[in-house]
Amino acid sequence: MPERVVVYGASGHGKVVADIVTARGDVLLGFVDDDETMASRVVGGVPVLGSGEWAVAHRETVRVALGIGANRARRRVGERLLASGVTLHSAIHPRATVAGSARVGDGTVIMAGAVVNADAILGSGVIVNSNATIEHDNVIGDWAHVSPGAALGGNVVLGEESHVGLGAVVLPGVRVGRFCTVGAAAAVARDVADGVVTMGVPARPRVS
């Protein structure tokens, strides 16, 4: 049965999430956005219904898909919604491939062309962006983001709120800590400690 869904965030990322909702045949009611200038606007033919308080007020009848690209902001909004009793919607594009043994957390978004392979575990509020690859037995922490075209080999661990940039590669068995950033097109061959920005081929920590 189709779900009734609103997308939190009416920016570019939110529009992509809205497309996923409709592509799956769910009912897209509109957007909510805390930016007051967005009130009563129409984005991509869909109304902005109000702020996040609208979603809380209608929590018994709608689910909320997270359309916020920035990890910290997505976490803040998602945790506030969950604390208010809102059900987060996992938006998985019909042209994504997700193994039957994979586990996908609430509020996660998996975009067109993405692949999530056997026994991968995705936490809450994760983004697996267009054409990204999450190989077998990966563990992806809450509120992390794997950008378009990035590839994580088997048995990779990616910590909470970490971001893997466009086209980056993390080699099998590597552990990337919490709150890390992997630069675009980087190749990560060694473990990365919490909070580190790493870039290049092979990837090395950025020196401030």
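Quick caveat: nothing in here was measured; it's all calculated off a predicted structure. Positions are given from 1, in the same order as the sequence printed here.
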Q) What is the distance from atom CG of N117 to atom CG of D137, rounded to the nearest 0.5 Å? A) 10.0 Å
Q. Taking S84 for the side chain and R80 for the main chain, is one N or O donor matched with an acceptor at less than 3.5 Å?
A. yes
Q.
To check you understand the geometry: which heavy-atom pair defines the closest contact between S51 and D34, and what is its length?
A. CB-OD1, 3.6 Å
Q) Which distance, rounded to the nearest 0.5 Å, do you find between the OG1 of T22 and the CZ of R24? A) 11.5 Å
Q) Checking R41 side chain against T37 main chain: does a donor-acceptor pair fall under 3.5 Å? A) yes
Q) Does N155 reach the main-chain N or O of P172 with its side chain, forming a donor-acceptor pair under 3.5 Å? A) no
**Q.** Evaluation steps, side chain to side chain contact (heavy atoms under 4.5 Å, CB included), between D26 and E3
**A.** CA-CA 5 Å; D26 289 318; E3 302 284 356; 3.7 Å; yes
Q: Of all the heavy-atom pairs spanning S162 and C180, show the shortest one and how long it is.
A: OG-N, 2.8 Å
**Q.** Hphob cluster co-occupancy, V46 + I68, side-chain heavy atoms under 4.5 angstrom
**A.** no
Q | Pairwise distance CG(L66) to NE2(H89) - rounded to 0.5 angstrom | A | 10.5 Å
Q: Compare every heavy atom of T108 with every heavy atom of S124, then report the nearest pair and how far apart it is.
A: C-OG1, 4.0 Å
(Q) Within the 4.5 Å heavy-atom criterion, are L88 and L81 side-chain neighbours or not? (A) yes
(Q) If you compare all heavy atoms of S11 against all heavy atoms of G67, which two are closest, and at what distance to 0.1 Å? (A) OG-O, 4.0 Å
Q: Could you tell me whether a side-chain N or O of T198 sits under 3.5 Å from a main-chain N or O of R204, the two making a donor and an acceptor?
A: yes
Q) Mind checking whether V192 and R175 have side chains closer than 4.5 Å, heavy atoms only? A) no
Q.
Can you give me the closest heavy-atom contact between G159 and A144, atom names plus distance?
A. O-CB, 3.9 Å
Q) Do E135 and L152 touch side chain to side chain, with heavy atoms closer than 4.5 Å? A) no
Q: Check whether any side-chain heavy atom of N131 sits under 4.5 Å from a side-chain heavy atom of P148, and report yes or no.
A: no
Q. Nearest 0.5 Å, what's the CZ-CH2 distance between R76 and W143?
A. 11.5 Å
Q. Between S147 (side chain) and V164 (backbone), is there a donor-acceptor pair under 3.5 Å?
A. yes
Q: Verify the distance criterion only: is there a donor paired with an acceptor across the side chains of H163 and N71 at less than 3.5 Å?
A: no
**Q.** Identified side-chain contact (heavy atoms from CB on, under 4.5 Å) partner of L122 from the options V98, N138, V139, I140
**A.** I140
**Q.** Any donor-acceptor N/O pair, S130 side chain to G113 backbone, under 3.5 Å
**A.** no
Q) Which pair of non-hydrogen atoms, one from A186 and one from M199, has the smallest distance, and what is that distance? A) CB-CA, 4.0 Å
Q. Can you find a heavy atom in the side chain of H93 that is under 4.5 Å from one in the side chain of D19?
A. yes
**Q.** Worked verdict on Y8 versus V17 for side chain to side chain contact (heavy atoms under 4.5 Å, CB included)
**A.** CA-CA 9 Å; Y8 203 122; V17 174; over 6 Å; no
Q | Hphob cluster co-occupancy, V32 + V27, side-chain heavy atoms under 4.5 angstrom | A | yes
Q. Can you list the steps and then say if D142 with V126 is a side chain to side chain contact (heavy atoms under 4.5 Å, CB included)?
A. CA-CA 6 Å; D142 296 343; V126 170; 5.7 Å; no
Q. Same cluster for V157 and V174 if Ile/Leu/Val/Met/Phe/Trp/Tyr side chains link at under 4.5 Å?
A. no
Q: Sort out for me which residue in R75, R178, R74 forms a side chain to side chain donor-acceptor pair (under 3.5 Å) with E161.
A: R75
Q: Supply the atom-to-atom distance R103 CZ to D119 CG, rounded to the nearest 0.5 angstrom.
A: 8.5 Å
Q. Do M38 and V43 touch side chain to side chain, with heavy atoms closer than 4.5 Å?
A. yes
Q) Are any of the side-chain heavy atoms of R59 and T87 separated by less than 4.5 Å? A) no
(Q) With a 4.5 Å cut-off on side-chain heavy-atom distances among I, L, V, M, F, W and Y, is there a chain of contacts connecting V188 to V196? (A) yes
Q: Would you give the length of the straight line joining atom CD of E160 to atom CG of D194, rounded to the nearest 0.5 angstrom?
A: 8.5 Å
Q) So if you build clusters from Ile, Leu, Val, Met, Phe, Trp, Tyr with side-chain heavy-atom gaps below 4.5 Å, do V176 and F179 land together? A) no
Q. Hey, mind stepping through V146 and I127 against side chain to side chain contact (heavy atoms under 4.5 Å, CB included) and telling me if it holds?
A. CA-CA 6 Å; V146 181; I127 299 171; over 6 Å; no
